[in-house]
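What follows is a single structure, and I will ask about it in a moment.
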Number of protein chains: 2
Amino acid sequence: MLSSTEENYLKAIYKISERDNKAASTNAISSEISTSAASVSDMLQRLSSKGMTHYEKYKGVTLTEQGNKIATNLIRKHRLWEVFLVEKLNFTWDEVHDLAEQLEHIQSPDLVNRLDQFLEHPKFDPHGDPIPDADGNFTHRRQIELTNLATEEIGTLVGVQEDSSTFLKYLDRMGLSLGTELKVLEKFEFDGSVKLLVNNKEQITISNKVCKNLFVKK
Amino acid sequence: MLSSTEENYLKAIYKISERDNKAASTNAISSEISTSAASVSDMLQRLSSKGMTHYEKYKGVTLTEQGNKIATNLIRKHRLWEVFLVEKLNFTWDEVHDLAEQLEHIQSPDLVNRLDQFLEHPKFDPHGDPIPDADGNFTHRRQIELTNLATEEIGTLVGVQEDSSTFLKYLDRMGLSLGTELKVLEKFEFDGSVKLLVNNKEQITISNKVCKNLFVKK
DNA sequence: TTCTATTTTTAGATTAGTCTAAATTTATTA
DNA sequence: TAATAAATTTAGACTAATCTAAAAATAGAA
Ligand SMILES: [Mn+2]
Ligand SMILES: [Mn+2]
Ligand SMILES: [Mn+2]
Ligand SMILES: [Mn+2]
């Protein structure tokens with residue numbers, strides 16, 4: 001049984017390895033969880049002695065099968081709780097992440113599966129991220145960055161890269177939510193901003209930075 | 001903001017003070033939370049310096065208004081989560097306590113009230129214990145120990161003293177649950193055991209120890 | 001009231017997780 | 001390839017929470 005702290009390290013390693021497709025470096029973990037590199041270095045040795053990670057000094061760290069299983073299960077719990085908070089308790093999508101960060105550490109063999117059943121086995125969380133099943137398998141979805149949509153092409157918003165509260169609130173203000181249909185009207189080469197037709201109604205212009213954080217399905 | 005550990009001390013102090021109607025002693029707390037008296041003594045000084053308790057060396061400890069508020073809110077959260085687990089996730093009443101012990105420490109100003117709303121403001125938890133409202137007020141119910149029911153009297157089972165899994169499972173086996181109607185058929189003076197008519201159907205005999213753990217409403 | 005038993009507190013040590021500063025290793029650049 | 005920069009690890013210290021053993025205070029009994 002791992003502590004919440006140890007679990008958070010596993011999650012960070014999982015996230016970084018997936019993003020960069022290589023072993024997670026001490027510094028990467030350090031900035032991911034806002035902890036000093038010295039503390040991270042220390043923890044990596046402990047996690048390895050517990051069989052959670054493969055670690056060679058100065059070479060970075062990867063998850064063992066066991067570590068991967070725990071990390072995946074944490075993600076499963078995190079995302080299921082987010083669905084619960086939005087669907088059942090009517091929280092908004094920008095409010096649930098921090099709460100899920102706490103709830104994902106609740107220890108119970110049964111709870112997560114009962115929650116899954118209660119929510120009717122959702123495949124995606126409120127931010128469009130896939131929820132792994134009990135065996136750790138993710139539903140894969142063909143999605144592309146909005147920046148890769150050509151002029152006149154149409155896509156449906158299915159996910160976001162970032163899930164900071166400020167970004168999500170900005171999307172709400174712009175009338176953008178998961179399922180929204182977007183048509184690219186014009187792409188401005190100057191700064192990469194894009195003019196969109198939203199749900200065949202309003203026209204809005206969003207910056208390149210926003211574009212890069214939106215995933216659509218053609 | 002207090003740690004889970006500190007919160008558990010406040011809960012223990014609350015529980016003991018209520019039960020014994022006096023300041024909680026170091027030893028009482030020690031046995032309540034299975035921690036050495038030395039550790040308790042140490043923690044009591046810390047809690048007092050944080051304004052959570054009134055503490056005088058060798059004289060025991062009581063909660064301040066602030067400490068009381070936090071303890072009451074923990075009980076509120078604990079019991080609401082128990083209702084959630086039983087009503088929504090179909091856990092049995094003997095499975096939920098340990099999970100609620102974890103869930104009660106989730107920090108969120110909003111969560112508990114939304115949960116309360118989602119559950120439609122339950123007044124009692126699955127063990128018949130009252131759930132305090134947002135202001136800390138408990139619903140009081142006139143209930144008596146089953147041992148105080150005379151022969152031929154009828155009562156409805158509304159609560160249990162103990163909520164250990166073994167006791168609750170025993171009650172399940174005997175066909176006893178909250179709401180069950182009980183008629184006292186015979187009281188055996190020899191060992192204090194009692195013969196009951198359950199829901200006007202079966203007859204069972206239960207020990208004095210069991211009797212003392214059951215609350216009924218006439 | 002005085003001795004003894006019980007309760008409580010203090011002293012000193014331990015573990016997890018963290019930090020800063022210093023040392024070491026690896027990577028980059030001239 | 002040698003010097004320098006960056007990344008990583010080690011050393012040493014701190015806090016929260018715990019323990020055991022010892023000291024001190026209180027309560028109970030003779
Ligand atoms: Mn999240
Ligand atoms: Mn999410
Ligand atoms: Mn309980
Ligand atoms: Mn209960």
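Order of the sequence lines sets the chain letters (A, B, ...), proteins ahead of strands, with each chain counted from 1.
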Please set out all donor-acceptor pairs under 3.5 angstrom arising from side-chain atoms of residues 128-136 of chain B, sequence neighbours excluded.
{"unit_1": "B/D133", "atom_1": "OD1", "unit_2": "B/D135", "atom_2": "N", "d": "2.8"}
{"unit_1": "B/D133", "atom_1": "OD1", "unit_2": "B/G136", "atom_2": "N", "d": "3.0"}
{"unit_1": "B/D133", "atom_1": "OD1", "unit_2": "B/N137", "atom_2": "N", "d": "3.0"}

Would you say the side-chain atoms of B/S164 and B/E162 include a donor-acceptor pair closer than 3.5 Å?
yes
Under the ring-ring contact (aromatic ring centres under 6.0 Å, His included) definition, can you give me all pairs with a residue in residues 97-143 of chain A, not counting sequence neighbours?
A/H78-A/H97
Within residues 3-30 of chain B, which residues have any heavy atom lying less than 4.0 Å from an atom of DNA chain C?
B/S25, B/T26, B/N27
How would you list, by chain and number, every residue that makes a ring-ring contact (aromatic ring centres under 6.0 Å, His included) with B/Y9, sequence neighbours excluded?
none
Pairs involving residues 206-218 of chain A, ordered by first then second residue, that meet side chain to side chain donor-acceptor pair (under 3.5 Å) (sequence neighbours left out)
A/E153-A/K218
Show the atom names and distances, to 0.1 Å, of all donor-acceptor pairs under 3.5 Å that link a side chain in residues 55-63 of chain B to residues at least two apart or in another chain.
none

Minimum-distance pair of heavy atoms, taken over all atoms of A/L99 and B/Q107
CD2-O, 4.2 Å
Polar pairs (N or O, both sides) under 3.5 Å between protein and nucleotides 3-5 of chain D?
none

Are any of B/R46's side-chain N or O atoms less than 4.0 Å away from OP1 or OP2 of D/dT15?
no
Whole-Å distance, A/L44 CG to D/dT10 P, equals 11 Å
Quick one: do the A/E145 and A/T147 side chains pair a donor with an acceptor below 3.5 Å?
yes
Near DNA chain C, under 4.0 Å by heavy atom, which residues of residues 48-60 of chain B?
B/Y55, B/K57, B/Y58
Can you run down the side chain to side chain donor-acceptor pair (under 3.5 Å) pairs that involve residues 17-33 of chain A, sequence neighbours left out, and say none if there aren't any?
A/K15-A/E32
Which nucleotide span of DNA chain C, 5' end to 3' end, has atoms closer than 4.0 Å to non-hydrogen atoms of chain A?
C/dA16 to C/dT26
Verify, without hydrogens or angle tests, whether A/S48 (side chain) and A/Q45 (backbone) share a donor-acceptor contact under 3.5 angstrom.
no
Sequence neighbours left out, what passes side chain to side chain donor-acceptor pair (under 3.5 Å) with B/E95? Give chain and number order.
B/T92
Which distance, rounded to the nearest 0.5 Å, do you find between the CG of A/L157 and the CD of A/Q143?
10.0 Å
Sorted by number, residues from residues 31-42 of chain B placing a heavy atom under 4.0 Å from DNA chain C are B/A37, B/A38, B/S41
Decide whether A/D172 and A/W93 meet the rule of one side-chain donor and one side-chain acceptor closer than 3.5 Å.
yes
Begin from the C-alpha positions of A/D110 and A/S108 and carry the test side chain to side chain donor-acceptor pair (under 3.5 Å) through to its verdict.
CA-CA 5 Å; A/D110 242 25; A/S108 160; over 6 Å; no
Side-chain contact test, heavy atoms from C-beta onward, threshold under 4.5 Å: evaluate it for A/S165 versus A/K169 and give yes or no.
yes
